[in-house]
Novice: 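Structure incoming, see below.
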2 protein chains.
Amino acid sequence: MAAQRGQRGGPGRKSAESAAPVGSGAPAASEVTTPMPAVDEQRARSIPEAAVARLAVYLRVLSAMAEQGATTVSSEELSSSAGVNSAKLRKDLSYIGSYGTRGVGYEVDVLVGQIERTLGLTHNHQVAVVGIGNLGHALANYGGFPGRGFPVAALFDVDEDLIGVPVGGLAVNHIDEIPLVCAQRGISIGVIATPPAAAQAVCDRLVAGGVESVLNFAPVVLQVPEHVEVRKVDLAVELQILSFHVARRADDDEETEPAANGQAKGVDRVVIGR
Amino acid sequence: MAAQRGQRGGPGRKSAESAAPVGSGAPAASEVTTPMPAVDEQRARSIPEAAVARLAVYLRVLSAMAEQGATTVSSEELSSSAGVNSAKLRKDLSYIGSYGTRGVGYEVDVLVGQIERTLGLTHNHQVAVVGIGNLGHALANYGGFPGRGFPVAALFDVDEDLIGVPVGGLAVNHIDEIPLVCAQRGISIGVIATPPAAAQAVCDRLVAGGVESVLNFAPVVLQVPEHVEVRKVDLAVELQILSFHVARRADDDEETEPAANGQAKGVDRVVIGR
DNA sequence: TGCTGTGAAAGCTTTCACAGCT
DNA sequence: AGCTGTGAAAGCTTTCACAGCA
């Protein structure tokens with residue numbers, strides 16, 4: 001086997017390869033903690049992963065609306081601005097509670113507040129960026145990250161020439177200091193923007209420093225302990241998915257004969273162009 | 001405003017908000033006006049969206065293995081390196097055909113070839129990057145994009161000082177030239193790395209230039225014609241999802257301490273002892 | 001014997017469509 | 001009248017588990 005690493009993850013390791021999908025913190029094998037069917041108090045816990053991602057989008061749209069002076073929105077307005085349909089939006093919002101007024105709509109700031117609370121944005125999460133190349137720079141200068149609440153509190157790189165250099169107003173530290181610095185500054189989210197070969201080692205150090213959430217830009221499947229959450233953004237994968245759609249479209253086009261047949265639906269016209 | 005733009009989907013427009021994270025579901029994309037495509041006309045083209053994203057990952061892992069001299073892999077090996085379970089991997093591969101040998105495994109290069117074919121990587125897709133800031137630079141220098149097959153063939157920006165300047169060996173053009181240049185160079189994928197305010201206008205120009213696939217890094221919901229595919233990567237959203245998990249974890253941990261939780265939202269916080 | 005390929009079951013998500021407030 | 005909140009249906013995905021071939 002060649003694989004990326006000791007692939008067998010070893011004890012207590014899981015591999016993370018969630019594109020967007022995030023595996024699910026749910027312990028697949030070991031039942032670890034969660035044997036509790038518990039009371040209906042687990043409302044917040046049961047928000048579908050997919051809905052969480054959309055809540056973040058709604059929040060952005062709502063913030064923009066609030067900035068423009070809007071005080072209320074209907075599910076129809078908000079959903080179309082967010083690019084989803086209204087039923088989905090209402091369902092998503094229902095997961096965090098009932099904050100709308102029937103016949104009227106939602107109050108913008110109430111919604112903003114509730115979504116922020118749900119996403120845990122009420123207390124800041126210190127972010128560390130590792131790998132200060134072009135991408136790292138971009139991330140470090142992202143202005144505290146839009147949607148605020150994510151101050152970049154530490155930067156790391158291997159390059160000696162970068163150590164101590166301020167980037168976006170923060171000095172770069174050497175990656176060997178990751179565990180120490182992360183612990184000291186209470187970093188809760190680590191962003192990996194290093195070359196793939198260095199990613200796993202960096203990740204291990206982040207974990208050693210107490211980081212439990214990682215956003216990985218390196219094209220590698222990271223192996224992490226069970227309790228660490230990893231999300232990844234992979235450029236090549238995104239492009240390949242687009243490529244797939246381009247190819248599919250091309251196929252469809254040539255497959256659909258010039259038959260101007262239009263819509264003859266209602267009939268079992270299995271066109272299958274030879 | 002409320003919305004980002006003509007929000008009403010208008011004529012032939014749809015809004016796109018797919019997560020990069022494909023993940024989760026991935027396609028939160030299309031909605032609104034689905035021109036009800038002939039439901040029955042598909043063939044092998046019906047590979048689940050989620051599987052497509054994973055195929056790209058398998059491809060990366062397989063390439064690495066091939067580079068190390070491996071000639072065959074079992075579903076177990078490949079799946080663990082890719083961070084998924086073997087059943088899922090086999091199911092995913094089954095969508096593209098039966099290229100394995102029972103009792104043995106898969107031949108690495110056969111699989112590589114088939115996945116590349118499926119993803120449409122056999123013929124190059126010219127890529128244009130718009131917005132040459134830190135992120136744009138990072139993208140332009142991504143070395144033809146890992147997983148090759150995606151040559152960056154055009155760069156655009158508004159900044160007059162950048163026009164003509166070579167970045168990663170390619171001169172920057174003004175965004176007004178997007179339609180022309182894209183058409184001339186046969187760009188099939190456009191990457192938007194501009195500030196949010198400029199994204200929609202840039203997207204419109206890309207579409208005018210014949211681009212049918214867009215990868216959007218700007219935190220905006222783009223409105224595009226029905227035939228255009230959009231995928232988005234949103235830093236803030238990713239961080240917020242991680243934040244949600246951090247918060248959830250924290251809640252679980254205390255699970256007993258009342259912790260003066262602000263709004264209890266109409267639910268009796270039953271403190272489950274356990 | 002060992003490992004792939006796959007129906008079928010189980011789990012999620014999305015969509016429908018309508019009861020219930022304002 | 002208008003719009004939210006939600007069971008229930010419909011659609012996807014993932015997981016199971018095993019027949020089938022090398």
Side-chain angles (χ1 to χ4, degrees), chain A residues 17-29 43 45-55 58 72-80 82-108 110-111 114, chain B residues 17-19 21-34 36-37 39-40 42 44 46-55 58 72-80 82-108 110-111 114 265-266:
Chain A
E17 183 70 15
S18 50
V22 150
S24 63
R43 166 87 102 152
R45 239 111 307 171
S46 59
I47 298 178
E49 187 66 32
V52 173
R54 288 190 298 265
L55 283 174
Y58 304 153
T72 61
V73 245
S74 65
S75 61
E76 198 53 63
E77 283 179 277
L78 179 52
S79 66
S80 85
V84 303
N85 65 40
S86 64
K88 192 187 284 181
L89 173 108
R90 290 200 302 279
K91 185 63 110 183
D92 287 344
L93 293 183
S94 80
Y95 293 125
I96 67 175
S98 303
Y99 301 107
T101 305
R102 296 174 190 229
V104 181
Y106 303 88
E107 231 170 290
V108 176
V110 170
L111 226 41
Q114 291 306 325
Chain B
E17 184 72 15
S18 60
V22 142
S24 341
S30 68
E31 50 110 16
V32 185
T33 55
T34 299
M36 52 47 68
V39 192
D40 39 46
Q42 67 223 56
S46 60
I47 299 178
E49 187 67 30
V52 173
R54 287 190 298 266
L55 284 175
Y58 304 152
T72 61
V73 246
S74 65
S75 62
E76 197 55 61
E77 283 178 278
L78 179 51
S79 66
S80 86
V84 302
N85 64 40
S86 64
K88 192 186 285 181
L89 173 109
R90 290 200 302 279
K91 182 65 107 183
D92 287 344
L93 293 183
S94 80
Y95 293 125
I96 67 176
S98 302
Y99 301 106
T101 305
R102 295 175 191 228
V104 181
Y106 303 87
E107 231 170 291
V108 176
V110 171
L111 225 41
Q114 291 305 325
K265 179 190 97 303

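A, B, ... follow the sequence lines: proteins, then strands. Residue 1 opens every chain.
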Novice: What's the closest nucleotide to the B/K88 side chain, out of D/dT14, C/dT6, D/dT13?
Specialist: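 The answer is D/dT14.
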Novice: Go through C/dT15, D/dA19, D/dT13 for me and flag the one nearest to the B/R102 side chain.
Specialist: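 Within the option list, the nearest is D/dA19.
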Novice: Any non-hydrogen side-chain atom of B/L78 less than 4.5 Å from a side-chain atom of B/L111?
Specialist: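 Answer yes - side chains close enough.
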Novice: I want to check something: taking the side chain as every heavy atom from C-beta on, are A/E77 and A/Y106 in contact at a cut-off of under 4.5 Å?
Specialist: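 No, every pair of side-chain atoms sits at 4.5 Å or beyond.
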Novice: Rounding to an integer number of Å, can you tell me how far B/L93 CG sits from C/dT4 P?
Specialist: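 Distance check: B/L93 CG to C/dT4 P gives 9 Å.
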Novice: Tell me: CD of A/E49 to P of C/dT13, nearest whole Å?
Specialist: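 Spelled out: CD on A/E49 to P on C/dT13 is 8 Å.
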Novice: Give the rounded distance in Å between these two atoms: CD of A/E77 and C1' of D/dC3.
Specialist: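 Roughly 12 Å, once rounded to whole Å.
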Novice: Round to a whole Å and report the spacing from OH of A/Y95 to P of C/dC12.
Specialist: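 After rounding, the gap between these two atoms is 12 Å.
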Novice: Taking all non-hydrogen atoms of both residues, which atom of A/I47 and which atom of A/I96 are closest, and how far apart?
Specialist: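 For A/I47 versus A/I96, the nearest heavy atoms are CD1-CG2, 3.9 Å.
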Novice: How close or far is atom P of C/dT6 from atom CD1 of B/I96, stated in whole angstroms?
Specialist: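 It works out to 12 Å between those atoms.
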Novice: Could you please name the option among D/dG5, C/dT4, D/dT13 that lies closest to any side-chain atom of B/R90?
Specialist: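 Of all the options, the side chain of B/R90 is nearest to C/dT4.
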Novice: Would you say A/S75 reaches D/dT4's phosphate, i.e. side-chain N/O to OP1/OP2 under 4.0 Å?
Specialist: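 It does, given that an N or O in the side chain of A/S75 lies less than 4.0 Å from OP1 or OP2 of D/dT4.
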Novice: Quick one: which of B/L55, B/V84, B/V73 gives a side chain to side chain contact (heavy atoms under 4.5 Å, CB included) with B/L89?
Specialist: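 Among B/L55, B/V84, B/V73, the one that satisfies the side chain to side chain contact (heavy atoms under 4.5 Å, CB included) with B/L89 is B/V84.
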Novice: In whole angstroms, how far is the P atom of C/dG2 from the CD atom of B/E76?
Specialist: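 Atom-to-atom, B/E76 to C/dG2, this comes out as 14 Å.
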Novice: A/Y99 OH to D/dC3 C1': how many Å, rounded?
Specialist: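 Checked: the OH to C1' distance equals 19 Å.
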Novice: Distance check: side-chain N/O of A/R54 vs OP1/OP2 of C/dT14, anything under 4.0 Å?
Specialist: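 Indeed, a polar side-chain atom of A/R54 lies that close.
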Novice: OP1 or OP2 of C/dT4 sitting under 4.0 Å from any side-chain N/O of B/T101?
Specialist: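 Result: no.
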Novice: Roughly, in whole Å, what's the span from CG in B/L78 to P in C/dC3?
Specialist: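 Nearest whole value for this atom pair: 14 Å.
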Novice: Check whether any side-chain heavy atom of B/L93 sits under 4.5 Å from a side-chain heavy atom of B/Y99, and report yes or no.
Specialist: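 Side chain of B/L93 against side chain of B/Y99, heavy atoms only: no contact under 4.5 Å found.
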Novice: Closest to the A/K91 side chain: D/dG7, D/dA22, D/dT14?
Specialist: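 Selected nucleotide (nearest to the side chain): D/dG7.
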Novice: Side-chain N or O of B/N85 versus OP1/OP2 of D/dT14: is the shortest distance under 4.0 Å?
Specialist: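 So the side chain of B/N85 is outside the cut-off, no N or O lying under 4.0 Å from OP1 or OP2 of D/dT14.
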Novice: With a 4.0 Å limit, can you tell me whether A/Y106 has a side-chain N or O closer than that to the phosphate oxygens OP1/OP2 of D/dG5?
Specialist: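 The answer is yes; a side-chain N or O of A/Y106 sits under 4.0 Å from OP1 or OP2.
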